[in-house]
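Numbering starts at 1 and runs along the sequence shown.
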Amino acid sequence: MEGKLSSVAKNFTPSPIQELSQLAQRCNAINLAEGFPDFPAPPCIKEAAVSAINNDFNQYRHVQGICDQLALKMKKTHGLDVNPLTDIAICCGQSEAFAAAIFSIINQGDEVLLFDPCYETYEGCITLAGGIPVYVALEPPQWTLDPEKLMRSFTSRTKAIVLNSPHNPTGKVFSRDELEIIAEGCRRWDCVAITDEVYEYITYDNQKHETIAKLPGMQERTIITSSLSKTFSVTGWRIGWAIAPASAASTIQNIHIRITDSAPAPFQEAALTALRSPIEYFETLRGVYELKRDFCMKLLGSVGFRIQFKPQGSLFLFAELPKDCLLSDVEYVEELIQQAGVVVVPGRGFFHGNESCKYQKRYIRVAFCKSEATLNAAAQKFGELINAKACPKIVY
């Protein structure tokens with residue numbers, strides 16, 4: 001069968017992040033690698049899902065109420081007018097929504113700009129569509145956007161730019177000035193912006209997420225993708241969406257139907273309860289994750305990691321190895337697994353540019369969307385590994 005595989009399929013390798021998560025399961029290690037919570041989802045939305053199952057919402061289904069709620073949220077949060085009947089496609093998670101968005105606009109040979117470092121899924125989708133990823137490096141340690149570098153990256157072959165904010169893995173929230181620069185490039189070169197906004201409600205220190213679609217001339221050239229997963233701690237439910245001009249939304253919906261037909265029906269019903277959550281829910285969510293972020297920053301700083309950029313959003317710390325550590329990121333992660341039983345992600349998997357840049361092998365990504373017990377256990381393991389006198393405990 002190997003000889004029958006497509007050339008594209010042969011270039012795909014297992015996800016390093018998922019492999020590390022599986023290793024954590026096999027070794028009973030503490031998993032700070034993958035960005036999923038290990039604590040319960042809100043009881044009200046679990047109850048809504050159980051109720052939907054018991055009321056036999058178990059067949060192919062499209063819940064129009066989700067689109068209605070999303071349209072209301074886009075108006076209230078961003079001032080955007082979105083037609084819930086034509087401009088929204090419900091998909092199996094943000095990952096499928098993003099893939100369908102790429103498949104809907106990218107032809108063979110089209111170039112797609114991505115900010116580096118970036119999440120691993122994007123490149124695979126672009127490659128499957130026959131597109132060419134073009135990486136624009138963000139400058140460490142603050143992960144700043146160089147406007148001139150960005151503008152030089154646009155060519156007549158550029159079809160789209162991918163914007164993930166809040167950003168995985170760095171935790172950067174792109175500023176209004178940066179969004180204006182990106183929007184100017186899109187308008188000048190007639191490009192589409194495809195956004196990943198799954199961390200839209202998870203921002204810190206009074207930072208606010210803004211969608212690039214709200215800028216002048218951008219709603220008609222932006223495809224927004226997001227999901228329930230991170231905001232409501234239900235990464236396994238696979239309820240996501242794309243919000244786009246009607247022609248693109250329709251195409252995305254058609255691709256979704258050809259591939260998976262329908263997002264899980266009972267979880268669509270439960271999504272209605274989630275999307276109607278009061279503002280207090282989102283405020284509490286930010287507060288809890290901000291505590292976890294601060295705890296992990298203190299922990300990693302106490303064992304020598306260099307954290308020059310404080311995450312403004314998302315669920316991750318992108319930390320530089322201690323200055324006196326001679327190991328690479330991969331070697332450090334291997335050592336951490338073997339000696340401490342803690343799994344994190346080597347940073348190099350998020351970089352795709354010039355491999356001669358030494359800093360690309362000096363970062364690890366730590367997911368702090370974990371329970372108090374898990375984070376305290378990880379702190380203890382780190383302390384044992386480096387013979388620390390004491391490690392902090394989380395206090396709520």
Under the side-chain hydrogen bond (donor to acceptor under 3.5 Å, both in side chains) rule, what do Q94 and T225 come out as? Steps first, then yes or no, please.
CA-CA 6 Å; Q94 183 275 337; T225 67; 2.9 Å; yes

Output the distance between atom [atom1] ([X]) and atom [atom2] ([Y]), rounded to the nearest 0.5 Å.
X    : Y    : atom1 : atom2 : result
L113 : L150 : CG    : CG    : 6.5 Å
Q312 : K208 : CD    : NZ    : 14.0 Å
C67  : L85  : SG    : CG    : 8.0 Å

Just jot down the salt bridge (charged side-chain N to carboxylate O under 4.0 Å, His left out) partners of E123, sequence neighbours excluded, or say none.
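E123: no salt bridge (charged side-chain N to carboxylate O under 4.0 Å, His left out) contacts found.
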
Going by salt bridge (charged side-chain N to carboxylate O under 4.0 Å, His left out), name the residues that satisfy it together with R238, two or more places apart in sequence or in a different chain.
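Not a single residue meets the salt bridge (charged side-chain N to carboxylate O under 4.0 Å, His left out) criterion with R238.
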
Around [X], counting heavy atoms of other residues, nucleotides and ligands shown, do more than 12 lie under 6.0 Å from its [atom1]?
X    : atom1 : answer
R157 : CZ    : no
E220 : CD    : yes
K76  : NZ    : no
E139 : CD    : yes

Would you mind reporting whether [Y] and [X] have side-chain heavy atoms less than 4.5 Å apart?
X    : Y    : result
T211 : I224 : yes
D196 : V162 : no
C369 : K292 : no
Y204 : D294 : no
T195 : I223 : no

Parallel, tilted or perpendicular: which one describes the rings of F368 and Y289, with boundaries at 30° and 60°?
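If you compare the ring of F368 with that of Y289, the planes turn out perpendicular.
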
Return each pair, listed once, that meets ring pair (Phe, Tyr, Trp, His ring centres under 6.0 Å) where at least one residue sits in residues 106-141; pairs must be two or more places apart or across chains.
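Qualifying pairs: F98-Y122, F115-F174, Y119-Y122, Y135-H352.
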
How far apart are the C-alpha atoms of W143 and F350, what are their side-chain angles, what is the distance that settles it, and do they pass the ring-ring contact (aromatic ring centres under 6.0 Å, His included) test?
CA-CA 13 Å; W143 308 109; F350 299 98; over 10 Å; no

Is there a side-chain hydrogen bond (donor to acceptor under 3.5 Å, both in side chains) between Q207 and H209? Walk through the geometry before answering.
CA-CA 7 Å; Q207 285 277 348; H209 165 70; over 6 Å; no

Taking the six-membered ring of F305 as reference, does the cationic atom of K323 (NZ for Lys, CZ for Arg) lie under 6.0 Å from its centre and within 45° of its axis?
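Negative - K323 is either too far from the ring of F305 or too far off its axis.
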
